[in-house]
Structure formats: C-alpha cells, structure tokens
Amino acid sequence: MELFKENKLKIYNSLSKSKEVFKPVTEGRVGMYVCGPTVYSNVHLGNVRTFMSFDMVFRYLLHLGYKVRYVRNITDAGHLESDADVGEDKIAKKARLEEIEPMEVVQRYTVDFHKVTGLYNFLPPSIEPTATGHIVEQIQMIKEIMDKGFAYEVNGSVYFDVLKYNENNHYGILSGRTVEDAIHNTRELDGQSDKKNPQDFALWKKADERHIMQWPSPWSDGFPGWHLECSVMSSKYLGEQIDIHGGGMDLKFPHHECEIAQSHACSGEQPVNYWMHANMLLLNGQKMAKSSGNYILPEAILTGENDILPKAFSAGVVRFFIMQAHYRSILDFSGEALLASEKGFNKLMEAVKSLKTLSGGKTTSGFDVNAWKQKCYDAMNDDFNTPILIAHLFDAVKFINLLKDNKTSISVDDLEILENTLNTFLFDVLGLVSETGQQNTKTLDGTVELLIKLRKEARENKDWALSDQIRDELQALGVQLKDGREGTTFTIN
C-alpha cells in the first residue's frame with residue numbers, strides 16, 4: 001500500500017532549522033544514509049539510542065509504502081582518540097595494546113554491534129559498507145576535489161581548502177558556525193603547520209612508520225580523512241543528492257559540516273535534502289560516552305550485571321523507554337525511569353493480549369476508532385513524534401480495558417481496525433518486542449548453547465560421529481555453527 005500518498009510527512013531539517021514537508025528526490029523511493037559505529041569497542045546505550053531512532057524512521061518509511069535504501073556504514077579506518085581528531089587511531093591503538101591485527105579488532109566489535117542490534121530488534125540496513133572497502137573511491141574523490149581547486153597537497157598529505165571554498169559557499173551552513181569558529185580537524189597534530197589555514201581539514205594524511213593502517217595513494221602511503229568516507233559511500237549508493245542523512249547531534253560539527261563542503265565542492269550539488277540529528281542520552285545527568293567512562297553496555301541492562309540499575313530489564317522495555325522521548329530531545333537514563341516504562345510497557349502488552357479474546361458486536365460506543373487511528377498517523381507524520389503516538393496508544397488501552405469489563409462495545413469492523421493499528425504501531429513502527437517473543441528467543445539461544453557445549457564435550461572425547469550429528473541436525477534446522485579460536489558461535493537463518 002502506498003500510504004505515503006495520503007500522509008503528509010514533515011521532517012525537522014537541521015539545515016533549515018524547521019519542519020519541512022518530505023518530498024523525496026524520486027517519488028515512492030527514499031535514500032537514507034546514517035553514520036554508523038566506529039568499531040574499536042563495545043557499542044554503548046547512547047550509541048544504541050541514535051541507531052534506534054533511525055531504525056524507527058526506517059520502519060515508518062517502510063510502513064508508508066516507500067521503497068527505502070537504507071545505508072549505514074561501518075567506520076573501520078578509525079577515528080583518532082579525541083573529538084578534535086588528534087592522537088592515535090582508536091582501532092590501531094586497540095590492536096597495538098592487545099597485540100592483534102586491526103582487522104581483528106574491527107571484526108570483534110562489528111560482531112558485537114550486530115549482536116546488540118539483534119537483541120534490540122533493529123531491522124538490518126539495505127547496505128552496510130565499510131570505510132576500508134572504499135579506499136579506491138575515496139582516492140578518486142580527492143582527485144576530483146583537487147581538480148576543482150578546493151584541495152592541495154603538502155608533503156604527501158592532502159587538505160581541503162576551507163577559505164577557498166568559503167569564498168562562494170558557506171562553510172558552517174549546517175552548524176551555524178563561521179569559518180573563524182572552525183577547529184583543527186586534521187588527523188594528527190604533527191604536520192598541522194603544513195596547512196595553509198588552521199581551519200583546513202585532512203582528506204588524506206601521510207602515515208609514518210608507526211601507523212599500522214595505511215594504503216598507497218598518488219600522494220603517499222597513508223589513510224583517508226574521517227569525514228571523506230561518508231561522502232564517498234553516500235554518493236556511491238544513493239547518488240549525489242540524497243533524501244535523508246542522519247546521525248547523532250555530536251556529528252553535526254565538524255563531521256557533517258565537512259561532508260557538506262567536500263561533497264558540494266566535488267559535485268556542485270547540495271548533497272542532502274533533509275539532515276536529521278538524534279539527541280544524546282544522559283546517565284547521571286552527564287552525556288553517555290565511552291571516553292569519559294560514563295556509560296552502560298546494552299547487554300548489561302538485559303542481564304542485570306551492572307551497578308546502575310536495580311534489576312534486569314527486557315529489550316522491549318528499554319526500547320519503549322527510548323521511544324517515549326522524541327528523537328530530538330535529550331533523554332535521561334535511570335533505574336526509576338526504566339521501572340516506570342516497564343509498567344507502561346506491560347499495560348500495552350496486556351492490552352494487545354486482551355484484544356485477541358474480545359469479540360465485536362454491531363456498534364461501537366464512546367470511542368471513534370477511525371479518528372484515533374488518524375491521530376496515530378498525525379503524530380508520526382509530525383517529525384516522527386513517538387511520545388505523542390504512545391499517548392494515543394494508551395487512549396486505546398483505556399478503551400480496551402472498558403471492553404474487557406463489558407462497560408462499552410465495539411463493532412466487528414472497528415475491532416479489526418483497532419487490533420491491526422495497535423499491532424502496526426507497537427511492533428512494526430516502534431519495533432517493540434513482546435515478553436513472550438523475547439522469552440522464546442532466550443529459550444532457543446539457551447538450547448543451542450547447551451547443544452554446542454555437548455558437541456564440544458563429544459569432540460574432546462573424540463566422538464566425531466556425535467559431534468557431526470549435532471552440527472548437521474542444527475544446520476538442518478537453520479542453525480549455522482562456526483568454529484573459531486575463541487569458541488563456537490552460531491547464527492540462525
């Protein structure tokens with residue numbers, strides 16, 4: 001169904017700083033790019049909130065009937081240690097400290113990221129490209145920017161000329177900053193004197209012998225600037241002008257500002273029509289961040305193995321907690337807030353369960369189901385206003401409780417609309433998972449882990465027939481085992 005034709009979706013555009021009616025470049029199709037994780041450590045809940053916000057956006061666009069190509073990258077060529085882009089490469093540092101290859105670090109934490117997104121019921125993106133998989137394209141884009149006079153090479157490094165670009169364009173158009181406000185955005189402290197202007201940022205950095213991750217280029221053996229990868233991958237998979245580009249609020253400057261400048265310099269087009277930014281998650285009143293140590297891991301919430309929360313909480317409750325706040329608002333994480341969300345979540349799940357036991361009659365009394373349904377769409381069409389949507393869903397819960405107590409009535413047709421709409425917004429759009437579904441998943445995972453343990457014992461006892469039987473029968477059921485140095489893992493097809 002092409003519901004987008006009858007729903008006027010408005011999106012808050014960080015570029016215009018206002019809500020705008022959404023009109024994709026191609027009718028019926030949406031290209032959306034979201035800056036993904038830098039895979040040097042476990043993803044924390046603050047990161048999860050950002051990705052969950054865009055998972056909700058993705059889900060609603062799909063529900064409206066758009067054909068969506070959702071691209072979310074993996075940064076495996078690494079940030080540097082500080083937000084000012086100085087210090088050691090995070091991935092290379094982790095590899096050096098653990099005496100392993102950088103790609104082992106990347107693999108470990110990419111797997112962790114996918115595990116977490118699975119636990120919290122994320123839909124996978126259409127394409128998940130990596131920075132290291134697009135070095136050739138990044139070198140090509142640098143050449144094009146240089147050919148157009150917006151970049152220069154010094155001692156093997158290439159820098160974007162911000163002042164040159166700013167002569168006829170606005171560097172700072174997204175963040176509202178001036179060129180004078182710009183910080184040093186190079187990849188290393190040494191060599192900054194090579195730049196024409198302190199505001200210039202690196203497109204390519206020459207690597208010294210200590211830098212583990214480096215590639216050959218026309219200028220030097222080195223590595224691309226962090227900002228470049230997203231410009232390259234968004235344009236490759238979505239075109240030079242894309243519909244939606246998302247990320248955390250902290251990426252607005254310098255990352256997204258530099259993306260706009262280098263993409264515009266290269267193509268002559270404004271690269272993105274709608275910039276969207278999700279706000280931060282606080283813990284103890286402070287920004288949640290790995291660098292400060294003020295964070296909680298998503299899995300620790302589910303197991304209860306942490307010093308912050310009074311008990312373990314399900315992924316459905318955590319997701320419901322996050323959806324209760326608008327994606328552009330700051331959200332404070334606490335045990336008290338999760339306990340309150342758990343009560344609300346349970347009421348919603350109980351209402352869904354109750355609907356299955358109710359039967360409709362001839363008339364509906366005291367509740368306009370079609371008007372309620374339209375309110376749900378109106379909330380989501382107003383810049384994905386999930387807290388208002390949830391308030392409307394609780395209006396339905398009150399009505400369902402009256403039906404259970406035989407204090408009102410509902411027609412057969414309205415009962416079907418009510419049940420379908422409630423399920424659509426709770427599960428398809430908000431992406432919530434019922435406790436029953438989660439328990440089934442835990443039971444299945446536990447069963448597979450037990451069989452892996454029994455297979456391990458069989459192999460230790462050289463009972464190869466039993467070991468192979470367990471592997472083959474699991475494979476026949478769609479469970480694929482993978483043996484590695486750190487043990488056996490599994491995926492469910």
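Below, all heavy atoms of this structure are taken into account, side chains as well, without hydrogens, waters or symmetry copies.
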Can you see whether [X] engages [Y] through a side-chain donor-acceptor pair at a distance of less than 3.5 angstrom?
X: N73; Y: E229; value: yes
X: S329; Y: N279; value: no
X: S235; Y: E240; value: no
X: W219; Y: S157; value: no

Taking every non-hydrogen atom, the tightest pair across F51 and P37: CZ-N, 3.7 Å

Mark yes or no for whether [X], through its side chain, and [Y], through its backbone, hold a donor-acceptor pair below 3.5 Å.
X: E128; Y: P125; value: no
X: D161; Y: A151; value: no
X: R29; Y: V68; value: no
X: N121; Y: G431; value: yes
X: Y152; Y: K196; value: yes
X: S220; Y: G156; value: yes
X: Q262; Y: I145; value: no
X: N13; Y: N273; value: yes
X: D76; Y: T132; value: yes

How about [X] and [Y]: are their ring centroids closer than 6.0 Å?
X: F201; Y: Y159; value: no
X: F22; Y: Y274; value: yes
X: H277; Y: H256; value: yes

If we only count heavy atoms from C-beta on, is the [X] to [Y] side-chain gap below 4.5 Å?
X: N197; Y: V162; answer: no
X: Q138; Y: M233; answer: no
X: N47; Y: L281; answer: no
X: M323; Y: M52; answer: yes
X: E137; Y: H134; answer: yes
X: M280; Y: M249; answer: no
X: Y60; Y: M380; answer: yes
X: L309; Y: I301; answer: yes

With a cut-off of under 6.0 Å to the ring centre and 45° to the axis, is [X] in cation-pi contact with [Y]?
X: R328; Y: Y12; answer: yes
X: R319; Y: F345; answer: no
X: R72; Y: F54; answer: no

query: Pick one: which of F333, F313, Y120 meets ring pair (Phe, Tyr, Trp, His ring centres under 6.0 Å) with F321?
result: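 By the ring pair (Phe, Tyr, Trp, His ring centres under 6.0 Å) criterion, F321 pairs with just one of F333, F313, Y120: F333.
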
task: Please say which of F384, Y377, F58 ends up in a ring pair (Phe, Tyr, Trp, His ring centres under 6.0 Å) with H63.
output: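 Of F384, Y377, F58, ring pair (Phe, Tyr, Trp, His ring centres under 6.0 Å) with H63 is met by Y377 alone.
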
Roughly how far, to the nearest 0.5 Å, is the [atom2] atom of [Y] from the [atom1] atom of [X]?
X: S341; Y: Q324; atom1: OG; atom2: CD; result: 4.0 Å
X: D147; Y: I142; atom1: CG; atom2: CD1; result: 12.0 Å
X: I296; Y: I308; atom1: CD1; atom2: CD1; result: 4.0 Å
X: F427; Y: L432; atom1: CZ; atom2: CG; result: 7.0 Å
X: K287; Y: L282; atom1: NZ; atom2: CG; result: 10.0 Å
X: I260; Y: H245; atom1: CD1; atom2: NE2; result: 8.5 Å

Carboxylate-amine/guanidinium proximity below 4.0 Å for [X] and [Y]:
X: D382; Y: K19; result: yes
X: E98; Y: K94; result: yes
X: K67; Y: E2; result: no
X: E20; Y: K10; result: no

task: Name the orientation class of the two ring planes belonging to H255 and H227 (parallel below 30°, tilted from 30 to 60°, perpendicular beyond 60°).
output: tilted

query: So among L45, V43, D112, N42, which one has a side chain to side chain contact (heavy atoms under 4.5 Å, CB included) with E299?
result: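 Of the listed options, the one satisfying the test is D112.
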
Mark yes when over 12 heavy atoms from residues, nucleotides or ligands other than [X] sit less than 6.0 Å from its [atom1]; otherwise mark no.
X: K17; atom1: NZ; value: yes
X: E144; atom1: CD; value: yes
X: K375; atom1: NZ; value: no

message: I'd like to know whether K206 forms a side-chain contact (heavy atoms from CB on, under 4.5 Å) with N155, so could you lay out the CA-CA distance, the side-chain angles of the two residues, the decisive distance to 0.1 Å, and finally the verdict.
response: CA-CA 8 Å; K206 181 179 180 180; N155 296 329; 5.7 Å; no

